[in-house]
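Report on the following structure.
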Amino acid sequence: MTDPITNWTPSGSSAVASDRPSLEQLAETERRQVLARLLDESREIRGTSLWSDAWRRLRRRRTAMVSLAGLIVLIILAVLTPLLPLQSPIDKDLQNRRLLPPEWSSVTMGSREGLGFADRSLVAELRRFDAEIDDLRRRLADTSDASARKDLENKIRQRTEIEHPFNQLWNRLGPVSWTMCRMRIAVFGDYAIPSLFGTDKLGRDLLARVFWGARVSLVVGVVATLVSLVIGVTYGATAGYLGGTVDAVMMRIVDILYSIPFIFVVIFLITFLGEDTVKAWLQARGIEQITIFYFVIGAIYWLTMSRVVRGQVLSLRNEQFIEAARTIGASPARIVFRHLVPNVLGVVIVYLTLTIPAVMLFEAFLSFLGLGVAPPDVSWGQLLNDGVEALSSVKLFWWVVIFPGAALAATLFALNFLGDGVRDALDPKLKNRD
Amino acid sequence: MRHLLGYAIRRFGWMLLTLWIVYTVSFVLMRSVPGNPFSSERTVPPAIERQLRARYNLDAPPIRQYFDYAIGIVTRGDLGWCLRLEDYSVNQVLAEGFPVSASLAIFGLVFAIALGIPAGVISAVRRGSLADLSMMTAAVLGIAVPNFVLASIVILLFVFMLPLFPAAGWGTLAQIVLPAFCLGAPVAAYIARLTRAGMLEVLSREHVRTAYAKGLSNRAVILKHVLPGAMLPVVSYLGPATAGVLTGSLVLEKIFAIPGMGSHFINAALQRDYTLAMGMVLTYTVLLFLMNSIVDISYAVIDPRVKLQ
């Protein structure tokens, strides 16, 4: 078979022996044909990149693919939670709905008497509330007196920010979630899914709490992992690229940190962060406790990542493309982040998929101990904590434990399977090593 | 033997360095909390507060406190007084809690090894069989299900539905079974997977083929020639396993109301009992360091190719 690529001699160089005439000797039309043929053939050649190869390998593992699909569904549901016709995750009903077993009778939003909603319905209450605000606005437009205007403005702000019916049913909705809740009311009205998972000891719907808890748990998993990614990759790549004494010192620090039992230090740290004065200090600076929580978790999971990245960078730093970059005057930072880091991405992703379940488990663990996400925020670990507390009573309240536990276990299960699959797909050398 | 001693001495040096770092960080955090541990309580007369502060050595300048406390720990092994538990020194709490936690951890580890290794061996020898498949699925489940979830399920099943075991407490053998099972289950799952992978690797080696060719029985080959080699990854996993068991005992002691170190530590953290929490962190650091060193040394003893660094 004559290969046009190897036989084709560019721009008149006749040094390569060829039984075909070179391009210049051909007539214009023939030349076009040759080039067109070449183009067609090159179109058919598909380079296999590392990613498409890995994807192909991953697709062959049914467990990993099922896990991936399950996780995608979970993420979509978690994102769309405010749109789903769920009951309120925080509205307590101590009189009538404490520890109800799973049931099928649907619930009207805002029907609890204690809420004091108009017609005992959220839609009616919203209509009444909006009318009231409109009325206030109209009065605001009519008055010209400065102090009266100010009073009215304050009243409107207070009413919309604090006394809005949404604030009684949901906890601190962000602007996006707020809009989504509005849309949900527009679509489903007062309908809410029955308490399929039962209710907890304060009469809150467990299904809604599991859904809202998924949001917190997933966000913790992702954010903390990203924090660990940034720290670990930067640290490891810098140590590996600089090498020598710097590397030795940086890696010694990692060794020391490795031998510190971090879980205990973190618990100690959270003790400190929970102190009222520290809390007040942080709040004055607009830092939420949960943000620190993300960072603390992320900050302890970077060690393995930094070691792995450093090892990879060490083996890459003497490659020619790095030397080439250095020759044309690229700065060390540029070399590290533009040339080295993309090349270690495969390993990084492998560790990323294995870190996310570890971080989620850690969050659940801390929340379970009462040291993590604080109420009224919900997370799966906290739901389990409530569940275990309810367990130690006389009657069998199995649903308070089984449903959050199953949600957490299934998610971790899927993440572990996906992590294993990704590792085998991206890094066949690591196969069979645990 | 000489380099073993040298290794032990070096490890000890690293441990002291680590302890010093943990101590310093904890101390700085403890002392940077504004006010003092008593300011949040109901107001006491100034004279009494002065006495309290003198009692806990809080009236000295911070740097003095730092050294006094450190010297107290090093020379007298005195970790100070609890701030929240009445009439208890940190040492007393440790002395009461440590035996409980240690026996729970040992039961958990023994259980994990007794369950994990046979499961791994069987699934490697009968590779691809139903037993292999079901045991490895169970192992993945064991890794994925957090032990506090497992604990609640186990309580539901074996305490409330089939009243076989007591729900909580400490002292009798029946009370240890459930917490030790929950503590050991994730570790057992890891050990089973490691054993299986190790066994499969060793089974394909030449010396195993030679052993079979000599006409040794299947049992002798597996037990004498394959299993020891396959144990190496398991031994090196015992360090992290100890860490896992210690962490796990934090939650399990809480769930099963066991009066061990873990439950004290959690209470100390929740009630902001700084001296107790600090004492606990230091103790856990020492424990983990010792366990890791023992694992490293035993690894070198089992496998002569491994050099201690």
Side-chain angles (χ1 to χ4, degrees), chain A residues 63 255-265 267-278 280-281 357 360-362 364-365 368-371 380-381 384-385 387-388 391-398 400-402 404-406 408-417 420 432-434, chain B residues 14-15 17-18 21-22 25-26 29-30 32-35 39-40 140-141 143-146 148-153 155-156 159-161 167-168 190 193-194 197 200-201 233 237 243 246-247 250-251 254-255 257 265-266 268-274 277-278 280-281 284-285 287-289 292:
Chain A
T63 49
D255 283 347
I256 293 177
L257 291 179
Y258 250 116
S259 48
I260 294 176
F262 262 106
I263 290 188
F264 304 99
V265 179
I267 291 176
F268 190 79
L269 199 67
I270 288 169
T271 317
F272 167 74
L273 288 174
E275 185 74 25
D276 291 336
T277 37
V278 181
W281 187 87
M360 282 183 68
L361 181 58
F362 189 50
F365 173 80
F368 182 81
L369 292 175
L371 294 163
W380 285 344
L384 278 166
N385 189 10
V388 171
L391 259 196
S392 38
S393 20
V394 199
K395 218 179 143 229
L396 208 56
F397 305 118
W398 53 272
V400 285
V401 163
I402 292 296
L408 179 63
T411 310
L412 292 177
F413 197 67
L415 279 167
N416 275 317
F417 261 131
D420 279 353
N432 300 328
R433 230 194 280 167
D434 259 318
Chain B
W14 279 114
M15 185 174 89
L17 183 64
T18 312
I21 292 174
V22 172
V25 171
S26 314
L29 283 178
M30 257 163 77
S32 53
V33 177
S39 56
S40 58
V140 179
L141 263 177
I143 292 169
V145 177
F148 47 93
V149 176
L150 185 66
S152 12
I153 294 170
I155 289 183
L156 267 179
V159 177
F160 292 127
M161 289 176 88
Y190 264 109
R193 280 173 62 151
L194 286 174
L200 287 180
E201 205 196 313
Y237 172 68
L246 285 181
T247 347
L250 289 184
V251 273
K254 187 186 162 193
I255 297 176
F265 183 54
I266 298 301
L270 284 173
Q271 296 171 357
R272 329 220 173 286
D273 189 335
Y274 296 113
M278 156 105 89
M280 293 282 177
V281 171
Y284 278 117
T285 313
L287 277 180
L288 279 184
F289 225 98
N292 278 329

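Atoms considered below: every heavy atom in the structure, side chains included; atoms not considered: hydrogens, waters and symmetry mates. Chain identifiers are assigned alphabetically (A, B, ...) following the order of the sequence lines, protein sequences preceding nucleic acid strands; residue numbering begins at 1 within each chain.
- Under the rule for a ring-ring contact (aromatic ring centres under 6.0 Å, His included), the partners of Tyr237(B) that lie at least two apart in sequence or sit in another chain are Tyr190(B).
- Across every non-hydrogen atom of Leu194(B) and Pro233(B), the tightest pair is CD1-O, 4.0 Å.
- Neither the backbone nor the side chain of Asp255(A) comes within contact range of chain B; no heavy atom of the residue lies under 4.5 Å from a heavy atom of that chain.
- Among Ile155(B), Val281(B), Val145(B), the residue making the largest number of heavy-atom pairs under 4.5 Å with chain A is Val281(B).
- Interface remark: of the candidates Val251(B), Val22(B), Leu288(B), Val149(B), Val251(B) forms the most heavy-atom pairs closer than 4.5 Å to chain A.
- Comparing Ile153(B), Ile143(B), Leu250(B) by how many heavy-atom pairs each has under 4.5 Å with chain A, the most go to Leu250(B).
- With rounding to the nearest 0.5 Å, the separation of CD1 in Ile402(A) from CG in Leu156(B) is 5.5 Å.
- In this structure Phe365(A) satisfies the ring-ring contact (aromatic ring centres under 6.0 Å, His included) test with no other residue, sequence neighbours excluded.
- Only the side chain of Leu384(A) comes within less than 4.5 Å of a heavy atom of chain B; its backbone N, CA, C and O stay farther away.
- The CH2 atom of Trp380(A) lies 8.0 Å from the CG atom of Leu412(A); values are rounded to the nearest 0.5 Å.
- Only the side chain of Phe289(B) comes within less than 4.5 Å of a heavy atom of chain A; its backbone N, CA, C and O stay farther away.
- Residues Phe265(B) and Met280(B) share a closest heavy-atom pair of CD1-CB, 3.2 Å.
- When heavy atoms are compared at a cutoff of 4.5 Å, Leu257(A) does not approach chain B at all.
- The CG atom of Leu408(A) sits 6.5 Å away from atom CE of Met360(A), with the distance rounded to the nearest 0.5 Å.
- For the set Leu150(B), Val140(B), Ile21(B), the count of heavy-atom pairs under 4.5 angstrom toward chain A peaks at Val140(B).
- Chain A forms the most heavy-atom pairs under 4.5 Å with one residue out of Leu141(B), Leu200(B), Asn292(B), and that residue is Leu141(B).
- Both the backbone and the side chain of Ala364(A) come within contact range of chain B, each with at least one heavy atom under 4.5 Å from a heavy atom of that chain.
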